[in-house]
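Data block below; observations after.
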There are 2 protein chains.
Amino acid sequence: MDFKQQLDNYVNTINEYIDKCVIEKELPEKSLYSAMRYSLTAGGKRLRPVLSLAVCDMLGGNAQEVLPFACAVEMIHTYSLIHDDLPAMDNDDFRRGRPTNHKVYGEALAILAGDGLLNLAFETMLESIIKNGDSERKAKAAAVIAKASGANGMISGQVIDLESEGKQVDKDILNRMHRLKTGALIKAPVVSAAILCGACEDDIEKLDEFAENLGLAFQIKDDILDVEGSTEKLGKKVGSDAGNNKSTYVSLYGLEKSKEILSDVTHKAVRCLEKFGDKAAFLKSLAGYLLEREN
Amino acid sequence: MDFKQQLDNYVNTINEYIDKCVIEKELPEKSLYSAMRYSLTAGGKRLRPVLSLAVCDMLGGNAQEVLPFACAVEMIHTYSLIHDDLPAMDNDDFRRGRPTNHKVYGEALAILAGDGLLNLAFETMLESIIKNGDSERKAKAAAVIAKASGANGMISGQVIDLESEGKQVDKDILNRMHRLKTGALIKAPVVSAAILCGACEDDIEKLDEFAENLGLAFQIKDDILDVEGSTEKLGKKVGSDAGNNKSTYVSLYGLEKSKEILSDVTHKAVRCLEKFGDKAAFLKSLAGYLLEREN
């Protein structure tokens, strides 16, 4: 199977699972599920859960066991976008080519839909933890995800982002922000999947390093796309970083140097996969695919 | 030890544990922990974690094992208050006698502090689940809490509340709203503690019924205090339900009938504890204490 086919397979598996997690309920709470569903099924690359499934396949693990955790990360990612888009935060009107959640459902329901998705991520993982044994290992995977998404992970990154607005920050702060805001939730699906598959310490360490570099590459590419991309392909406004006077790789290093770093970091990520041989083919292709992406 | 001493002991144990969960961090994320800490250490009755510890003592369980789950419920309760007070939701300026979170830290940070506390609740429980064995039982307790706080529990109740604003709803909807918005997170600490202590199905069922009635009594009392209470003692504005044209027990049944129902429901709660004999003394006193409370 070629890369693109495999990617489609993963995305379909993920979308099917996610679809069942947010079935619309009857009144009076209908609107809550509708709002949760609106953002969770809005498409997107599904990069985070794809990473989990690909790691699982590479390590010969059980995809059915990994799937709830993979999709939990996507729920967390989605809730963070809903809250991030709110008027009090980035105040964005479009996301993935559609009006943002609060533009459709209003601010109050958007806040609650975000809360609901974060909570649902843990409901989904806990349900899986108490089923079919092996609770401790599964709880360890969930703990990795919880830490990555919390006040020592992603949320911290959002606070740094918030507090850096309107001023140029130095490279250390920028890297810290990216590592927390984006990197943590790219690393978590990789590492948690490896734990679920019973990987040895050495393998987990290599995959951790792979994901660290991939996350950084992902963010640099985002910064570049905000300058060079098209609003149509991105599904959101281009140039918003500069407009908000945000520090980015491009504003700190310039466009050419940023592209150089992006290429370096991507190759570094791929090199971390050497020890897994041919089985890492999909993940290597994925790194290249993210390097070339237009959205 | 008399009731009041025992209550103080529980509250001190809870406050000590909570205090360690939100130690302020260094810059640049200092403000996030500061905002989380502001609301989590603002006092309050600590009713939910007290219920967990009291159930644990009654059943002869290990309080150290129950404590992280008890405090996780308090974190969830606190996050829900922060988000509930936001301008887009109830737009409240005061809570527990102090300015609300967003009044001190701004809306963006208040949203993130709420997110951080919800996430911290699950981090805290998962950390406990992977420590010292017995993962499956502990995960079952966490799953009960997760369900109670999610889109099929508390958050649903908030949505009903939101959508009922400005109109009088019928008794069924009012009861459903209370059961979800307040009741679910009063039941969860009771039932999860019973699970952690290895209680039998029959005991769990009785405690579930106890908590169901206690939760209802709690809400009816809240509705009465909003009419009869003093702003000073409550630490928040009195008369806000009527001001917002909200349906309450008082608006549907009148003040006298509401007091009658409150007394009935409280006695019903106490009767559920009969089978636990003298060991239930604290919980019975607690029900009476909540009936007479002034805030």
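Proteins get letters first, then strands, A, B, ... in listed order; numbering begins at 1 in each.
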Heavy-atom closest contact ([X] atom, [Y] atom, distance):
X	Y	value
A:Ile111	B:Ala88	CD1-CB, 4.2 Å
A:Ala146	B:Asn119	O-ND2, 2.7 Å
A:Glu123	B:Lys147	OE1-CA, 3.8 Å

Are the side chains of [X] and [Y] in touch, meaning some heavy atoms are under 4.5 Å apart?
X	Y	answer
B:Lys30	A:Glu163	no
A:Phe122	B:Leu118	no
B:Leu126	A:Ile129	yes
B:Val159	A:Tyr33	no
B:Leu112	A:Leu162	yes

Can you measure from CD1 (B:Ile160) to OG (A:Ser31) and round to the nearest 0.5 angstrom?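 Here the interatomic distance stands at 9.5 Å.
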
Would you mind checking which part of [X] comes under 4.5 Å of any heavy atom in chain B, side chain (CB onward), backbone (N, CA, C, O), both or neither?
X	value
A:Met177	neither
A:Ile130	both
A:Glu127	neither
A:Leu117	neither

Measure distances from B:Ile76 to the heavy atoms of chain A and classify the residue's part below 4.5 Å as side chain, backbone, both or neither.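 Neither part.
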
Per-residue contact mode, B:Met36 against chain A (heavy atom under 4.5 angstrom):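 For B:Met36, the contact with chain A is made by the side chain alone.
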
Options [options], ranked by heavy-atom pairs under 4.5 Å with chain B, top entry:
options	result
A:Ala121, A:Gly106, A:Ala108, A:Ala142	A:Ala108
A:Ala110, A:Ser156, A:Gly157, A:Ala113	A:Ser156
A:Asp115, A:Ile155, A:Leu120, A:Ile145	A:Asp115

List the steps, then state whether side chain to side chain contact (heavy atoms under 4.5 Å, CB included) holds for A:Glu136 with B:Lys131. CA-CA 9 Å; A:Glu136 195 177 328; B:Lys131 255 190 206 158; over 6 Å; no

Between B:Gly150, B:Gly153, B:Gly116, the one whose heavy-atom pairs under 4.5 Å with chain A are most numerous: B:Gly150

